[in-house]
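For reference, the structure is listed below as structure tokens.
By convention here, the first residue in the shown sequence is residue 1. Values reported hereafter were calculated over all heavy atoms of this structure, with side chains retained and with hydrogens, waters and symmetry mates removed. Atoms within each ligand, like the ligands themselves, are counted from 1 in listed order.
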Amino acid sequence: MPPHKDLYELMGVARTASQDEIRKAYLKLAHKYHPDKTGGDKAAETKLKEINGAYDILKNPDKRAQYDRFGSMDGQGPGGGFGADSFGGTGFEAPFEDFFDMLFGQGGRRKAGPRSRPGNDLEFQISLTLEEVSTGAKKKVSFNRMELCGGCQGSGAAPGSRAETCPQCAGSGQVRAAHGFFSVTRTCGHCHGVGQVITKPCRDCSGAGQIKTRREISVDVPRGIDAGARLRVTGEGEPGSGNGPRGDLYLLIAIEPHPVFTRAGVDIRCQLPVTFPQAALGDTVSAPTLHGLEELKVPAGAQTGTEVHLRGHGLPDLRGLRQGDLVVTLIVETPTKLNRRQKELLKELGEISEKSNHPLHETFRERLRKMKS
Ligand SMILES: [Zn+2]
Ligand SMILES: [Zn+2]
């Protein structure tokens, strides 16, 4: 049994290729190795079967992801030494399909029927400021996605020509094959279940039936959303084929760093420097919030690290049940570059200070005494 080839290599595409690139590569190869072209050459026939098998996996994002995870299916996967070739002479359209059905059950295969496939989902990241998280936002999102080609109305066939009924399945998209005593129905490998094949591809889309188009939509982002959340916008993904529905668009939320605030769940935090006299005597100062300045009371005797809450000036939670606080951490700034008068006053302050003015200092001295005895 020869070691199985890498499916991406077989298709001549990168592992990172888009679904569209894979589809295009397939159309090219299928054209090149078509029996009409090769005059029934055996090697070409085998090659075409391999390509069909590879495309069966790679065209389906679920199967592709599973294939990517299990590597090249050369015996390292959970199937254990059971590469596609070990299916022997059952023909090639089926083994991959069967392989996945065995591994993952029927759920691994979408039975949309001929001519109808749901479109691929798309995912993009969007960034929000904390201000936008606070109020909710209408965000414009522009992205590239596939649209049905106008030149061929999505059929992929050149104008004036038509997709022809697949000769192998007579348009049903399914073929029956004998497995010993059993007869098994499976997706037609020639047309991949579409039921039709394109003989003259449309020039605009090279037969793909779809063209990359810029799309801009406006999305309501709810208040209180957090980084890492995924917003689903139904029906804004890639178009399905046939009557298949469009895929969905997923927006992955990122939060931009803020110059002043950091987020801690529904609370937001910031540090606010205050002068030594303000901290000692107490004061009312202006503190920044997400929606302008607010009065903040610095308590007399505040220390560096003292936290003051501005209730309700944080963020809402997603369900709107709770509104967080703005938590301001005070930083007491020791005065620097003192002039003579300032130094005199501070010296005098030091001289008339009492033990009760500096409880921390006193506690520490108490501990030192215990250490010595
Ligand atoms: Zn077209
Ligand atoms: Zn067919």
Side-chain angles (χ1 to χ4, degrees), residues 18-38 40 44-60 63 90-98 101 109-117 119-120 144-179 183-215 237-244 246-247:
S18 67
Q19 292 304 117
D20 184 44
E21 286 165 343
I22 289 171
R23 188 183 152 94
K24 281 186 179 148
Y26 168 71
L27 287 171
K28 246 187 212 161
L29 290 170
H31 200 62
K32 182 175 168 189
Y33 292 106
H34 195 275
D36 294 351
K37 288 255 166 157
T38 58
E45 205 177 301
T46 309
K47 184 85 176 164
L48 182 61
K49 282 176 179 175
E50 286 180 349
I51 290 160
N52 282 336
Y55 184 57
D56 257 357
I57 305 284
L58 297 185
K59 73 181 174 186
N60 178 321
K63 286 186 191 174
T90 60
F92 208 96
E93 292 91 314
F96 282 101
E97 203 87 57
D98 289 352
D101 283 351
R109 189 208 296 216
R110 279 189 192 167
K111 296 216 161 177
R115 314 204 55 192
S116 169
R117 282 156 203 279
N120 292 329
N144 289 328
R145 73 171 185 190
M146 304 307 291
E147 296 288 352
L148 286 186
C149 168
C152 60
Q153 306 301 325
S155 73
S161 83
R162 295 183 55 170
E164 285 169 16
T165 303
C166 172
Q168 286 199 3
C169 61
S172 70
Q174 306 264 305
V175 286
R176 295 176 77 77
H179 270 273
S183 168
V184 178
T185 303
R186 47 171 93 101
T187 304
C188 171
H190 187 60
C191 62
H192 298 287
V194 178
Q196 299 197 315
V197 284
I198 291 158
T199 46
K200 254 197 194 169
C202 163
R203 267 194 207 175
D204 294 350
C205 62
S206 319
Q210 303 185 351
I211 286 181
K212 193 177 273 184
T213 315
R214 195 84 184 148
R215 166 110 178 134
E238 310 232 311
S241 58
N243 298 319
R246 269 189 182 278

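Sparse packing is recorded around CZ of R162, with 12 or fewer heavy atoms of other residues, nucleotides or ligands lying under 6.0 Å away. Atom NZ of K59 sits in a crowded spot, with more than 12 heavy atoms from other residues, nucleotides or ligands closer than 6.0 Å.
A salt bridge links E147 to R246: one of the charged nitrogens lies within less than 4.0 Å of a carboxylate oxygen.
Vertex the Zn ion (ligand 2); arms to C169 atom SG and C188 atom SG; angle 110° (nearest 10°). Centred on the Zn ion (ligand 1), the angle running from C152 (SG) to C205 (SG) is recorded as 110°, rounding to 10°. Taking the Zn ion (ligand 1) as the apex, the angle formed with SG of C202 and SG of C149 is 110°, to the nearest 10 degrees.
A donor-acceptor pair under 3.5 Å links the side-chain atoms of E238 to the main chain of M146, judged by distance alone.
Because the distance cut-off is set at 2.8 Å, C191 qualifies as a neighbour of the Zn ion (ligand 2) through one of its N, O or S atoms.
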